[in-house]
Participant: 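Starting off with a structure, shown below.
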There are 2 protein chains.
Amino acid sequence: MPSINALAETAALVGDPARAAMLAGLMDGRARTAGELAALAGITPQTASGHLARLTEAGLLAMERQGRHRYHRLASAGIARMLEGIMAVAEGAAPAARQARSFGPRDAAMRAARTCYDHLAGQLAVALADAMVARGVLELGPDGGAVTAAGEAFFESLGIPMAHPGRGRIFCRPCLDWSERRPHVAGVLGAALCTRCLELGWVRRRAGGRTLLVTPEGARGFREAFGVEVPAAP
Amino acid sequence: MPSINALAETAALVGDPARAAMLAGLMDGRARTAGELAALAGITPQTASGHLARLTEAGLLAMERQGRHRYHRLASAGIARMLEGIMAVAEGAAPAARQARSFGPRDAAMRAARTCYDHLAGQLAVALADAMVARGVLELGPDGGAVTAAGEAFFESLGIPMAHPGRGRIFCRPCLDWSERRPHVAGVLGAALCTRCLELGWVRRRAGGRTLLVTPEGARGFREAFGVEVPAAP
DNA sequence: CGCATGCTTCGGCCTGGCGCGAAGGATCAG
DNA sequence: CTGATCCTTCGCGCCAGGCCGAAGCATGCG
């Protein structure tokens with residue numbers, strides 16, 4: 001059974017603390033240099049180099065050279081989804097052992113809002129998902145999500161175009177938020193929503209991480225469009 | 001960042017060939033004894049025992065004692081989903097290196113039809129998914145799926161009740177078939193479809209594995225209900 | 001009651017692979 | 001060209017952890 005070996009090999013790649021830290025550091029979908037990733041994982045550059053080579057060889061990472069820098073990023077959204085899946089199990093399945101620990105990121109700002117590869121996560125994302133469901137623009141179940149007929153107008157008005165491949169409403173999925181333990185919106189719709197919020201200046205990235213800060217315009221926008229009260233970040 | 005350590009620990013649990021083999025052997029959702037799993041992984045019972053204890057401790061497996069046997073199974077469908085996610089990356093992301101190998105299971109019967117935790121997989125499952133999309137009873141996108149209005153009647157007529165929580169149609173998700181490399185139907189709908197096919201006697205399990213055999217009634221049923229030609233297994 | 005079976009625990013061997021230091025390209029600035 | 005970065009390759013020490021043999025508990029059967 002060749003696939004079982006492949007399963008173990010892939011999991012083992014993620015199963016090293018240093019590599020896991022580097023992969024997690026790339027979960028925001030952006031590319032970073034080997035040096036940055038080494039620092040992030042708490043190892044020396046030469047050790048990181050070896051890890052990065054193996055991850056790239058296995059197809060988990062993609063590398064791009066730019067002058068004397070080499071930028072590494074996740075090879076595809078599928079990789080990020082796999083990592084999300086493992087994280088969900090890691091945080092959720094562990095029984096008594098780590099019940100004492102607090103879940104998810106310690107940083108309050110990161111709990112409030114962050115990116116999860118290409119979509120929004122954190123309290124903000126969960127609140128938006130709840131609001132969209134409550135307003136009937138979105139349906140969300142444990143295994144899928146879809147924009148309603150009414151929802152198409154809503155998203156168009158936000159500046160998110162509704163492409164129509166097939167019948168076109170199936171491009172949304174739930175993603176278990178690891179600080180909130182409740183689903184938020186991922187998939188194509190989640191990515192578009194995240195992009196649009198950045199475009200509108202409703203949120204901006206905090207330097208060097210996945211954390212997002214809600215701007216004053218964002219606080220107003222989320223209140224007016226979604227009926228959600230989000231405090232602007234200081 | 002505690003969660004990164006949890007990520008690595010969980011992945012490392014899957015990242016051992018013996019443990020991966022045992023987990024993969026439980027992907028059909030049924031429970032097996034430690035001895036069976038040991039044989040499956042090609043290790044002695046005492047080694048398997050240690051692995052099983054760790055997997056159970058970590059919350060990946062659940063154990064149930066029955067007389068002098070102890071039955072182990074995946075702790076939840078979420079675990080199976082995580083494993084599917086890793087498999088998809090393992091089979092899909094590997095570049096040139098393993099391009100020569102044939103994908104997926106060698107066994108022809110297993111490629112034809114099998115279970116994937118709680119739903120159908122293999123050529124049969126992909127054909128059914130295609131047929132359902134073509135007949136307009138199902139919409140399927142990369143990130144989600146939904147039963148159409150017309151589809152509700154179709155599934156009711158098959159004997160699959162359409163529960164209506166919320167608006168009720170969001171309980172379906174695509175799952176990348178690892179032998180076919182195309183999506184089939186998973187989620188609540190996929191599980192119900194699989195259960196119903198077993199109930200109707202359209203497929204039956206081959207002893208001791210995930211492989212499914214299509215019965216003569218199944219061949220007729222799939223042709224009449226789905227317009228899909230599936231040869232009955234010998 | 002004693003034996004067989006299934007599983008676990010214990011102790012010791014051994015290998016895989018992680019990590020670092022040192023040295024060897026590659027790229028850019030001046 | 002020379003030096004400064006950034007990254008990689010090489011070689012070695014080291015240790016976690018996988019594996020098994022042997023022995024120890026449980027359960028069920030005759």
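Throughout, a chain's letter reflects where its sequence line sits, starting with A, and its residues are numbered from 1.
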Participant: Rounded to the nearest Å, what distance is computed from the CZ atom of residue B:Arg54 to the P atom of nucleotide D:dC19?
Facilitator: 10 Å
Participant: What is the distance, rounded to the nearest whole Å, between atom CD of A:Glu57 and atom P of D:dT9?
Facilitator: 12 Å
Participant: What integer distance in Å separates B:Leu13:CG from D:dA16:P?
Facilitator: 17 Å
Participant: In whole angstrom, what separates B:Leu52's CG from D:dC19's P?
Facilitator: 12 Å
Participant: Rounded to the nearest 0.5 Å, what separation is found between the CG atom of A:Leu158 and the SG atom of A:Cys197?
Facilitator: 7.5 Å
Participant: Do NZ/NE/NH1/NH2 and the carboxylate oxygens of A:Asp177 and A:Arg114 come within less than 4.0 Å?
Facilitator: yes
Participant: How would you give the extent of chain A contacts on DNA chain C, as first and last nucleotide 5' to 3' within a 4.0 Å heavy-atom cut-off?
Facilitator: C:dC18 to C:dC28
Participant: Between A:Thr44 and B:Gly35, just flag the one whose closest nucleotide in DNA chain C comes earlier from the 5' side.
Facilitator: B:Gly35
Participant: Between B:Arg173 and B:Ala186 (side chain of the first, backbone of the second, donor and acceptor by atom type, cut-off under 3.5 Å), is there such a pair?
Facilitator: no
Participant: Answer with base, sugar-phosphate or nothing: what part of the nucleic acid does B:Arg65 contact at a heavy-atom distance below 4.0 Å?
Facilitator: nothing
Participant: Could you check how far NE2 of A:His72 sits from C1' of D:dT8, rounded to whole Å?
Facilitator: 11 Å
Participant: Answer yes or no: is there an ion pair linking A:Arg196 with A:Glu199, defined by an N-O contact shorter than 4.0 Å?
Facilitator: yes
Participant: Starting at atom CG of B:Leu55, determine the distance to atom C1' of D:dG18, rounded to an integer number of angstrom.
Facilitator: 13 Å
Participant: Taking only side-chain nitrogens and oxygens of B:His51, does any of them come within less than 4.0 Å of OP1 or OP2 of D:dG17?
Facilitator: no
Participant: Rounded to the Å, how far apart are B:Met63 CE and D:dA26 C1'?
Facilitator: 12 Å
Participant: Measure from the side-chain heavy atoms of B:Arg19 and tell me the nearest of D:dC7, D:dG18, D:dC19.
Facilitator: D:dG18
Participant: For A:Gly50 and for A:His69, find the nucleotide of DNA chain D with the closest heavy atom, then tell me which residue's nucleotide is more 5'.
Facilitator: A:His69
Participant: Between A:Glu64 and A:Arg32, is there a salt bridge with N-O shorter than 4.0 Å?
Facilitator: no
Participant: How long is the straight-line distance from CD1 of A:Ile160 back to OG1 of A:Thr195, given to the nearest 0.5 Å?
Facilitator: 8.5 Å
Participant: Is the A:Phe222 ring parallel, tilted or perpendicular to the A:Trp202 ring (thresholds 30°, 60°)?
Facilitator: perpendicular
Participant: Ignoring the backbone of A:Ser49, work out which of D:dT9, D:dG17, D:dA22 is nearest its side chain.
Facilitator: D:dT9
